[in-house]
Amino acid sequence: EKDGDLGIFGVGVRAAFNTSDIEIALWSCPGAFPRSRAVKVLQSALDATGIVRVLGKLGSERSVSGVEVLHGRGNWEEKLGNCTYAVSAPGFFQVNTFGAQVLISVVKEFLGDVSKARIADLYAGCGTFGIALAKDNADVVAVESFGPSVRDLRRNAQKNNVDMDIVGGDAARELASLGKLDAVVFDPPRAGLAANVAEDIAKASPKSVVYVSCDPQTLARDIERFSRAGYRVEAVQPVDMFPQTYHVETVVLMSRVEV
């Protein structure tokens, strides 16, 4: 914009395979911004269904001070199976649509019949797993700490017409209040679980634990913690979410050892 620095430090483009939605997210520092000009330039290059400006600080992507909708409805939608997910920047959603559907299918296969089962979905995000399980008549409580994702989660529960408990808080702190659980599903960040989470999950005595991991190293560490807490690995299924890279998602089923 002439000689002016607009403070843009990131650009995200999300293209939904099954709905054809396209969202452009401009990450920038707060301050003056040529909103209408930005929309005109971007729309001349790509007919996006939505353009948003995420106000934040470089290096602190989870410290978001606000989101401005410059064009469209402010979120993009994707369909996986019989579920529809609306995601708003800076909320998280799996990049590989086909891979995400495989992850959901594997989680459901590992858990089997979940009708009426009390299931906790930790690090729930926008509800990728929790909503799919609620659609199968599970009694789901979803826990998520990131504000934008909590809002997406609430909207998606309503959009998919499912009744589920939604807790906005940290999984490690909220576990004690969830009571007895039949199963726990979680897809944590790359750093894996905090030190005592495996033990806290074990206290809820779920028969099954399903861990969706994006980092084999932290996964191995956390499996060892579950082993000490009384769980054993029953099945492991890698999913190649990022072909031709060393990144791999892994779904692990663990069951409680009966004493």
Side-chain angles (χ1 to χ4, degrees), residues 10-25 49-50 61-62 75-112 114 119 121-136 138 140 142 144 146 148-149 152-153 155-157 159-160 162 171 183-193 208-220 222-223 233-254:
V11 178
V13 180
R14 293 302 306 249
F17 186 85
N18 293 316
T19 66
S20 299
D21 275 8
I22 299 175
E23 182 188 77
I24 302 172
T49 51
E61 282 71 15
R62 290 182 71 87
N75 60 68
W76 59 281
E77 292 187 358
E78 182 60 291
K79 291 183 178 180
L80 298 178
N82 62 346
C83 301
T84 300
Y85 301 92
V87 187
S88 56
F92 172 79
F93 195 75
Q94 296 286 355
V95 175
N96 185 326
T97 299
F98 295 111
Q101 183 60 67
V102 172
L103 289 177
I104 293 173
S105 298
V106 172
V107 168
K108 293 171 71 171
E109 177 188 346
F110 281 178
L111 288 175
V114 297
I119 300 177
D121 178 18
L122 309 181
Y123 310 94
C126 70
T128 306
F129 301 107
I131 287 173
L133 293 170
K135 282 265 192 177
D136 286 348
V140 177
E144 172 57 47
F146 189 41
S149 292
D152 287 344
L153 182 56
R155 178 172 56 238
N156 289 333
K159 181 181 291 290
N160 288 276
V162 295
V184 176
V185 177
F186 47 92
D187 182 8
R190 187 168 297 277
L193 301 178
S208 300
V209 172
V210 178
Y211 190 158
V212 182
S213 169
C214 61
D215 187 294
Q217 184 174 356
T218 56
L219 172 63
D222 291 341
I223 285 176
V233 173
E234 299 289 352
V236 178
Q237 178 60 64
V239 179
D240 192 5
M241 297 285 284
F242 305 99
Q244 300 181 36
T245 76
Y246 62 86
H247 294 286
V248 63
E249 298 271 333
T250 309
V251 186
V252 178
L253 170 65
M254 290 174 277

Heavy-atom closest contact ([X] atom, [Y] atom, distance):
X      : Y      : answer
Gly130 : Asp121 : N-OD2, 3.0 Å
Ala132 : Lys108 : O-NZ, 4.4 Å
Tyr123 : Glu144 : C-OE1, 3.5 Å
Ala134 : Val140 : N-CG2, 3.8 Å

Check your understanding: Within the side chain of Asp21, is there an N or O that forms a donor-acceptor pair under 3.5 Å with the backbone of Glu77?
Key ->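 Side chain of Asp21 to backbone of Glu77, a donor-acceptor pair under 3.5 Å: yes, one is there.
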
Check your understanding: Which is it for Val210 and Leu111 under the side-chain contact (heavy atoms from CB on, under 4.5 Å) test, yes or no, and what are the steps along the way?
Key -> CA-CA 8 Å; Val210 178; Leu111 288 175; 3.7 Å; yes

[X] [atom1] to [Y] [atom2] distance, which is reported to the nearest 0.5 Å:
X      : Y      : atom1 : atom2 : value
Ile22  : Arg14  : CD1   : CZ    : 12.0 Å
Ile131 : Lys135 : CD1   : NZ    : 9.0 Å
Thr128 : Gln101 : OG1   : CD    : 11.0 Å

Can you give each donor-acceptor pair under 3.5 Å made by side-chain atoms of residues 90-98, sequence neighbours left out, with the distance rounded to 0.1 Å?
{"residue": "Gln94", "atom": "NE2", "partner": "Asp187", "partner atom": "OD2", "Å": "3.3"}
{"residue": "Asn96", "atom": "OD1", "partner": "Phe98", "partner atom": "N", "Å": "3.1"}
{"residue": "Asn96", "atom": "OD1", "partner": "Gly99", "partner atom": "N", "Å": "2.8"}
{"residue": "Asn96", "atom": "ND2", "partner": "Met241", "partner atom": "O", "Å": "2.9"}
{"residue": "Thr97", "atom": "OG1", "partner": "Glu78", "partner atom": "OE2", "Å": "3.2"}

Review point. Does the side-chain contact (heavy atoms from CB on, under 4.5 Å) test come out yes or no for Phe110 and Val252, once each step is laid out?
Key: CA-CA 9 Å; Phe110 281 178; Val252 178; 5.9 Å; no

Practice item. Return each pair, listed once, that meets side-chain hydrogen bond (donor to acceptor under 3.5 Å, both in side chains) where at least one residue sits in residues 208-218; pairs must be two or more places apart or across chains. Key: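 Sorted pair list: Tyr211-Asp222.
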
Review point. Within a radius of less than 6.0 Å around NZ of Lys79, do more than 12 heavy atoms belonging to other residues, nucleotides or ligands occur?
Key: no

Review point. More than 12 heavy atoms of other residues, nucleotides or ligands under 6.0 Å from CZ of Phe17: is that the case?
Key: no

Practice item. Applying side-chain contact (heavy atoms from CB on, under 4.5 Å), run through Thr84 and Asn156 and close with a yes or a no. Key: CA-CA 7 Å; Thr84 300; Asn156 289 333; over 6 Å; no

